[in-house]
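Per chain, numbering begins at 1; letters A, B, ... match sequence-line order. Just so you know, these numbers use all the heavy atoms, side chains as well, and skip hydrogens, waters and symmetry mates.
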2 protein chains.
Amino acid sequence: MGTVRLLWRRERPLPPRPGRRPTLTVDAVVDAGIREADDRGLHDVSLRRVAEHLGVGVMTLYGHVANKAQLLDLMVDQCRLDMEWAPLSGSWRDRLGQVADENLTLLTRHPWLAHVETERAVLGPGTLGKYERELGAVEPLPLTDPAKDQALALVLAFVRSSARALEAARAERSEETPEQWWLREGAELAALGIEERFPLASRVGQAAGAATHAAADARSAHAFGLGVLLDGLAPARPGRRPRVGG
Amino acid sequence: MGTVRLLWRRERPLPPRPGRRPTLTVDAVVDAGIREADDRGLHDVSLRRVAEHLGVGVMTLYGHVANKAQLLDLMVDQCRLDMEWAPLSGSWRDRLGQVADENLTLLTRHPWLAHVETERAVLGPGTLGKYERELGAVEPLPLTDPAKDQALALVLAFVRSSARALEAARAERSEETPEQWWLREGAELAALGIEERFPLASRVGQAAGAATHAAADARSAHAFGLGVLLDGLAPARPGRRPRVGG
DNA sequence: TTATTGTCCGTACACCGTACGGAAAGAGGT
DNA sequence: ACCTCTTTCCGTACGGTGTACGGACAATAA
């Protein structure tokens, strides 16, 4: 089945047909995939596990979904469809900040979303609706259309990397704590005269590493970065007007 | 072998030992990995292929490298070590722009680098040297150390996503051109009343899509985004001074 | 009832990363 | 020259992955 038709499956529920009736819906498969990814992480999502989770043979999934990549696309769009929106309000700055917050919440609820690589855009109702809403935040800015898209993409890319950092900071429960790792590997590093040869890196890296490790500071780093972005987008600065495209 | 010791293998070339002499060096393995990734993409790098490329059995690799993840770390650090630097010059803005350029060049030469996920930082000579150099660009800014790190990370994350966009735009030679895809899937989309239900998304998306598709405009989008970032980092703006950390 | 049309899914294949252990090769001591 | 010790090479095997194929099965239409 074509990906687009599957993404918009709610638009045209297909009429009852002859033949054995399906025991599963596409939504059930997608939801199982999302649950699996939430629980075990993107890396450990396998069709076999999803099938087992549904009490069904592996190949049954292929009756509802073309392949694993398509399932991932559907999962991504579903998550975006499930986002909860309050109406955007305030200045463009407030609104863009709100958009960033929503995205950070999304990526906190489903950390694997920050690791999905969708080669082509997922043109489903969730993605399109999200895009529509978020464009509303940059619409007031005096930019060309491509620049609006780019500005939004800039914020979203930033939130994505922020979410990854926060996730890493939160990963004390990993199989090996950073302290253990440092004890094992860091000793060798210290013996190499790093501090003399890379003074800036040593000084800043240590401070930044310590700060990023505390989840609170990871959040403040996020706030800082977002502030930088929004300041840069502000049109009030004289003598320059962001511009892009032909 | 510990990853750190392997990353810094040039520091202490180990003395000749009894026993069969190795037919391969770590560098040979790393280089083969890089070539393989350059040619076929990150997704298709397998130890079997790397081994075949070297005319050697698969398990031979494990005599030089602990596992695939470690090999990837070594590849990443090697690429960073091989970057060509001209001395940084000019204002902090010029210098940070120069850093962004170098990184874009790096990611263009090795597109797979933009897709590598290194859980933990790779503390090798390439990475550390690159970090040291790039900190030199933000050093003049009136920021705390963690904020300097964050500012740099912001620029690098942006370049990374830019590189991905450029790569996608350049991917005409893919197994299916965007045009073919659109012909196959886009027709169904058009029949759903998208334009009325998502007016902003349709308008902006079309303009942005067209612009991003032309490689020239993808570059100008990059320039726009970078300008935004640098404007945001500029300390001259009155009434606000970027700040982060405790 | 029978034919038709769809779903379910066991089996199989190619590929992956990698644990194990024996074969092969070079160096040092005698 | 030989034996021994150390190290590297690598064939085999195991458990995992995505997915192609085709038969068993169920439900509707005739």
Side-chain angles (χ1 to χ4, degrees), chain A residues 1 3 5-6 9 13-30 32-33 36-37 40-75 112 115-119 175, chain B residues 1 3 5-6 9 13-30 32-33 36-37 40-75 112 115-119 175:
Chain A
M1 179 106 74
T3 302
R5 194 182 296 272
L6 226 48
R9 60 195 178 277
L14 28 113
R17 289 178 301 174
R20 180 174 183 168
R21 236 161 323 140
T23 63
L24 248 51
T25 62
V26 176
D27 290 85
V29 176
V30 172
E36 207 67 30
R40 322 233 194 191
L42 184 64
H43 187 76
D44 288 354
V45 174
S46 79
L47 295 185
R48 281 172 164 83
R49 241 204 286 273
V50 172
E52 191 182 9
H53 192 91
L54 289 166
V56 121
V58 199
M59 292 313 292
T60 302
L61 299 183
Y62 284 85
H64 301 87
V65 147
N67 50 41
K68 189 182 184 181
Q70 188 181 72
L71 173 57
L72 278 175
D73 285 351
L74 294 175
M75 286 163 57
W112 52 275
H115 301 276
V116 175
E117 305 207 32
T118 20
E119 203 46 52
E175 75 285 350
Chain B
M1 180 107 72
T3 303
R5 194 182 297 271
L6 225 49
R9 60 195 179 276
L14 26 115
R17 289 178 303 174
R20 180 174 182 169
R21 234 163 322 140
T23 63
L24 249 50
T25 62
V26 175
D27 291 83
V29 175
V30 172
E36 206 67 29
R40 321 232 193 189
L42 184 63
H43 186 77
D44 289 353
V45 173
S46 79
L47 295 185
R48 282 173 163 84
R49 242 202 287 271
V50 172
E52 191 182 9
H53 192 92
L54 289 166
V56 122
V58 198
M59 292 313 292
T60 302
L61 299 182
Y62 284 86
H64 301 87
V65 146
N67 49 43
K68 189 183 184 180
Q70 187 181 74
L71 173 57
L72 277 175
D73 285 351
L74 295 174
M75 287 162 58
W112 52 274
H115 301 276
V116 175
E117 305 206 34
T118 20
E119 203 46 51
E175 76 284 350

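- Between V45(B) and K68(B), the shortest heavy-atom distance links the atoms O-NZ, 2.9 Å.
- Contact footprint of chain A on DNA chain C: nucleotides with an atom under 4.0 Å from a non-hydrogen protein atom, first to last in 5' to 3' order, dT5(C) to dA12(C).
- Residues from residues 40-49 of chain B with heavy atoms under 4.0 angstrom of DNA chain D, sorted by number: R48(B).
- Judged as a salt bridge (Lys or Arg N to Asp or Glu O under 4.0 Å), and not counting sequence neighbours, R48(A) has no contacts.
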Check the pair T60(B), V29(B) against side-chain contact (heavy atoms from CB on, under 4.5 Å), reporting the backbone distance first and the verdict last. CA-CA 10 Å; T60(B) 302; V29(B) 175; over 6 Å; no
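- When every heavy atom of M1(A) is checked against every heavy atom of A66(A), the shortest pair comes out as O-CB, 4.4 Å.
- In this structure, V56(A) reaches the sugar-phosphate backbone alone: every heavy-atom distance under 4.0 Å involves primed, P, OP1 or OP2 atoms, never a base.
- Atom OG of residue S46(A) and atom CD of residue E52(A) lie 8.5 Å apart, to the nearest 0.5 angstrom.
- Nearest-nucleotide mapping onto DNA chain D: of V58(B) and R20(A), the residue sitting toward the 5' end is V58(B).
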Atom pairs under 3.5 Å, N or O on each side, protein against nucleotides 28-30 of chain D: can you list them with distances?
| unit_1 | atom_1 | unit_2 | atom_2 | d |
| --- | --- | --- | --- | --- |
| dT28(D) | OP1 | R21(A) | NH2 | 2.9 |

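- Rounded to a whole Å, the CG atom of L24(A) is 16 Å from the C1' atom of dA26(D).
- Closest non-hydrogen pair, V58(B) versus A51(B), comes out as CA-CB, 3.7 Å.
- Of the inter-residue distances, the one linking R9(B) atom CZ with H64(B) atom NE2 reads 11.5 Å to the nearest 0.5 angstrom.
- For Q70(B), the side-chain hydrogen bond (donor to acceptor under 3.5 Å, both in side chains) criterion is met by T3(B), not counting sequence neighbours.
- Between the CG atom in L6(A) and the CG atom in D73(A) there is a gap of 10.5 Å [rounded to 0.5 Å].
- Put simply, CG on L61(B) and CG on L24(B) are 7.5 Å apart, with the number rounded to the nearest 0.5 Å.
- Within residues 63-72 of chain B, the residues approached by DNA chain D to less than 4.0 Å at the level of any non-hydrogen atom are H64(B), in residue-number order.
- Summarising the local packing, CZ of R5(B) is surrounded by 12 or fewer heavy atoms from other residues, nucleotides or ligands at distances under 6.0 Å.
- What separates CE of M59(A) from C1' of dT17(D) is a distance of 13 Å, to the nearest Å.
- Here the CE-OG1 distance, from M75(A) to T118(A), works out to 12.0 Å after rounding to the nearest 0.5 Å.
- To the nearest 0.5 Å, atoms CG (L72(B)) and CD (E117(B)) are separated by 11.0 Å.
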